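Beneath this line is the structure, given in structure tokens, with notes to follow.
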Amino acid sequence: MSEERLESALEMPLDLERLDDLRIIEALIFASPEPLSEQALREELDEGVEVLALLEELATQYSNRGIHLVSIDGKWAFRTAADLAPFLTKYKIVKKKLSRVAQETLAIIAYHQPVTRAEIEDVRGVQTSSGTLDVLLETGWIKMRGRRRAPGRPITYGTTDLFLDQFGLSKIDDLPGLNELKGAGLLDGTVPASFEVPSSQKLETLMDDEVSLEDEDEGEE
Amino acid sequence: MSEERLESALEMPLDLERLDDLRIIEALIFASPEPLSEQALREELDEGVEVLALLEELATQYSNRGIHLVSIDGKWAFRTAADLAPFLTKYKIVKKKLSRVAQETLAIIAYHQPVTRAEIEDVRGVQTSSGTLDVLLETGWIKMRGRRRAPGRPITYGTTDLFLDQFGLSKIDDLPGLNELKGAGLLDGTVPASFEVPSSQKLETLMDDEVSLEDEDEGEE
Amino acid sequence: MTNQLPTQFDDQWTQEVSSENDGMTEDDRLLVELDGFEGPLDLLLGLAREKKLDISQISIADLATQYIDYINDLKKHRLEIAADYLVMAAWLVFLKSKLILPSEDEEAESPSGDQLAAQLAFRLKRLEAMRAKGTELMARPQLGEDFFAAGSPLGRQTVAKIEYKAELFDLLKAYSLLQQRQSAQGYKVKKRQVWSIKKARDRLSSLLGMSIEWAPINELIASFMGAETAQKTTVASTFGATLEMARDGVIEIKQSGPFQPLYVKSSNMKSSDVNSVTGSKETADE
């Protein structure tokens with residue numbers, strides 16, 4: 001790229017008048033609040049100045065800089081180079097608390113993984129909006145693990161390492177069990193027998209009734 | 001001029017990474033509505049990038065173009081070349097001219113800062129109407145800097161970055177004739193010893209005999 | 001020495017001073033002139049500039065004389081002169097006298113005439129310098145007039161990145177509440193079997209109707225006692241029913257002592273023989 005740059009720079013006109021015209025065009029376009037048409041530029045320059053040729057020359061000179069001279073609908077403006085967009089984008093971090101529904105869903109996934117959407121709904125007793133799962137997937141705390149070997153081959157969800165990180169758990173077994181929840185006063189009354197903390201061994205690999213997500217063929221058989 | 005141009009162009013770095021950093025800096029400054037500080041640029045680039053050196057290189061590359069890269073109290077911005085003013089009249093913002101009194105007061109603040117109202121009056125030999133300071137504060141060229149550690153804790157005034165930008169100065173040391181005035185002792189004399197013209201570094205921070213405006217408590221003691 | 005003159009300085013003094021020979025009347029001219037000055041220092045500077053271009057070369061004594069003459073001239077025309085101009089004139093008279101007096105009279109504490117003159121010269125030079133710098137600043141190329149910023153800085157696109165917060169406690173709490181909610185939903189309150197008093201009374205009437213003598217109430221109850229859970233309600237209701245029936249005079253109750261079995265029998269036999277079997281039979285027949 002730098003070689004190209006050198007080349008284009010070497011093409012700079014030695015003709016001073018032409019150089020001045022280039023400078024004027026450059027400044028006019030830069031200072032203009034809107035893209036400038038050739039006509040508008042022509043009006044500012046001496047008659048006979050080949051505006052279009054100069055514009056193209058300028059565009060070439062800027063072609064590998066951080067700013068490009070671009071033509072938008074026949075009007076000219078400077079714009080930052082498209083490839084630099086990532087450097088020009090500012091990321092603002094907005095902290096948001098997980099909604100109660102999302103908290104519940106995340107907890108179900110954590111305690112019951114691998115779990116399908118239907119199973120989540122069964123535990124919650126209400127339908128789960130896809131938005132909730134999307135938000136949770138966005139947090140990076142849950143992932144799609146695979147598909148259940150069952151009619152419809154539903155996707156199974158589970159927690160990620162990031163989840164363990166976020167909640168300060170070293171493994172999924174560290175999630176408090178039934179008795180601990182009771183002990184913490186979080187739980188009283190009857191709890192279904194199905195309540196169990198999945199063991200981390202189970203989580204590493206796909207379960208017997210799970211197939212990998214990529215393994216689409218099997219699903220279509 | 002064209003020869004100079006060629007020379008500066010030939011100085012373009014062959015090192016691609018450096019070129020990319022130059023391009024990023026170029027784009028960032030171009031996109032910013034306000035002059036960008038070196039610090040702000042540094043935050044966007046990898047650690048260890050010599051931002052100042054790159055900025056100076058960019059400034060050289062632009063030195064004979066229609067747009068210049070200028071430094072305003074350590075902040076950087078693109079500005080059209082002053083010699084092209086006649087071609088850019090259509091962008092002129094018609095502003096109310098400063099009165100003679102305001103001009104004089106602005107000069108006193110610029111050359112004597114940080115300066116109190118009483119000191120301004122001492123130089124001018126007349127009372128300064130609050131209207132004059134209001135007009136100047138409104139331009140954004142001067143600001144209240146702090147309070148002098150002196151009886152009555154008078155407010156001190158100084159110039160802003162906008163002032164430097166407005167008058168094409170890169171730092172307060174660049175005020176025309178500043179050194180001669182200093183040499184002639186015209187910037188000190190009947191005024192307190194602490195009343196000296198600060199260098200650009202000093203402008204950022206309060207002087208020894210200044211306290212911040214917010215620091216009201218100290219005044220009430 | 002800080003002076004006050006509320007009028008705005010508009011740099012008219014050169015013009016005004018040089019217009020001495022214009023067709024204006026002298027009074028008008030002087031009035032306009034003084035109005036044009038921003039205080040005594042400014043007037044002094046004006047007078048100095050009229051004499052010489054270089055203020056550092058000017059004689060302060062001469063300048064003082066000039067100023068005093070000028071003010072006296074104004075006074076002659078009985079023009080109103082702002083007090084600070086007069087104060088300056090008085091001070092300059094004092095300065096002149098000091099300059100003329102031999103310096104050995106000077107006390108160490110008060111500044112000499114030369115020092116005062118130097119100070120005044122300094123102030124004049126400083127004011128002139130600042131005035132010049134103001135003009136010089138304004139003559140510089142200015143942003144928005146001679147050079148320009150980008151006409152349409154696009155700024156930087158801001159992308160909001162949502163970072164979700166959640167504590168383990170919140171998660172556990174949510175899960176526990178959920179589980180409790182779910183288990184509460186699964187629990188069905190069984191309908192309690194309640195033996196109503198009316199039912200007990202009906203049953204008792206029919207049983208006593210068949211009985212002709214005192215019958216222990218426990219046995220009567222046992223004959224129609226249902227499930228164990230219903231035991232308490234049956235006993236309670238039957239007892240209530242017997243009391244009700246006794247009040248109505250339908251039956252009679254007897255008990256040999258506290259916590260002893262209760263006996264009941266139909267009372268519709270008018271006979272006082274409570275042991276009469278036939279009586280109770282008749283009652284039952286009715």
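Hydrogens, waters and symmetry mates are skipped; everything else that's a heavy atom, side chains included, is used. The structure presented is a predicted model; accordingly, all values stated were derived computationally and were not measured.
- Across B:Arg117 and B:Thr128, no two heavy atoms sit closer than the pair NH2-O, 2.6 Å.
- Contacts between B:Lys95 and chain C at a heavy-atom distance below 4.5 Å involve the side chain alone, from C-beta outward.
- Between C:Met130 and the choices B:Ile120, B:Leu106, B:Val123, the side chain to side chain contact (heavy atoms under 4.5 Å, CB included) rule is met once, by B:Val123.
- At a 4.5 Å heavy-atom cutoff, the contact between B:Phe163 and chain C is made by side-chain atoms alone.
- A salt bridge does not link C:Asp170 with C:Lys173: none of the charged nitrogens is closer than 4.0 Å to a carboxylate oxygen.
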Inset, instruction - Quick one: do B:Gln127 and B:Glu121 satisfy side-chain hydrogen bond (donor to acceptor under 3.5 Å, both in side chains)? Show the steps, please. - result: CA-CA 5 Å; B:Gln127 273 206 339; B:Glu121 289 174 352; 4.7 Å; no
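- Contacts between residues 32-53 of chain B and chain C, defined by a heavy-atom separation under 4.5 Å, are made by B:Ser32, B:Pro33, B:Glu44.
- With a threshold of 4.5 angstrom between heavy atoms, B:Ala27 does not approach chain C through any atom at all.
- In this structure, C:Leu127 CG and B:Arg124 CZ are separated by 7.5 Å, a value rounded to the nearest 0.5 Å.
- When every heavy atom of C:Arg140 is checked against every heavy atom of C:Asp146, the shortest pair comes out as O-OD2, 3.9 Å.
- The pair B:Asp173-B:Lys182 does not meet the salt-bridge criterion, since no charged nitrogen lies less than 4.0 angstrom from a carboxylate oxygen.
- Proximity to chain C is limited to the side chain of B:Leu181, based on heavy atoms less than 4.5 angstrom apart.
- No part of B:Ile67 comes within reach of chain C, as not one of its non-hydrogen atoms sits under 4.5 angstrom from that chain.
- Both the backbone and the side chain of C:Glu145 come within contact range of chain B, judged by heavy atoms closer than 4.5 Å.
- In summary, the aromatic rings of C:Tyr85 and C:Phe37 are positioned with their centroids too far apart to meet the 6.0 Å limit.
- Only the side chain of B:Leu175 has a heavy atom closer than 4.5 Å to any heavy atom of chain C.
- Both the backbone and the side chain of B:Ala82 come within contact range of chain C, with heavy atoms under 4.5 Å apart.
- Using a 4.5 Å cut-off between heavy atoms, B:Phe167 touches chain C through backbone and side chain atoms alike.
- One finds a salt bridge joining B:Arg148 and B:Asp209 here, because a Lys/Arg side-chain nitrogen approaches an Asp/Glu carboxylate oxygen to under 4.0 Å.
- Residues B:Thr116 and B:Pro154 approach most closely at CG2-CG, 3.8 Å, considering heavy atoms.
- C:Ser152 does not touch chain B: none of its heavy atoms, backbone or side chain, sits under 4.5 Å away.
- When the side chain to side chain contact (heavy atoms under 4.5 Å, CB included) test is applied to C:Ala121, the partners found at least two apart in sequence or on another chain are C:Ile60.
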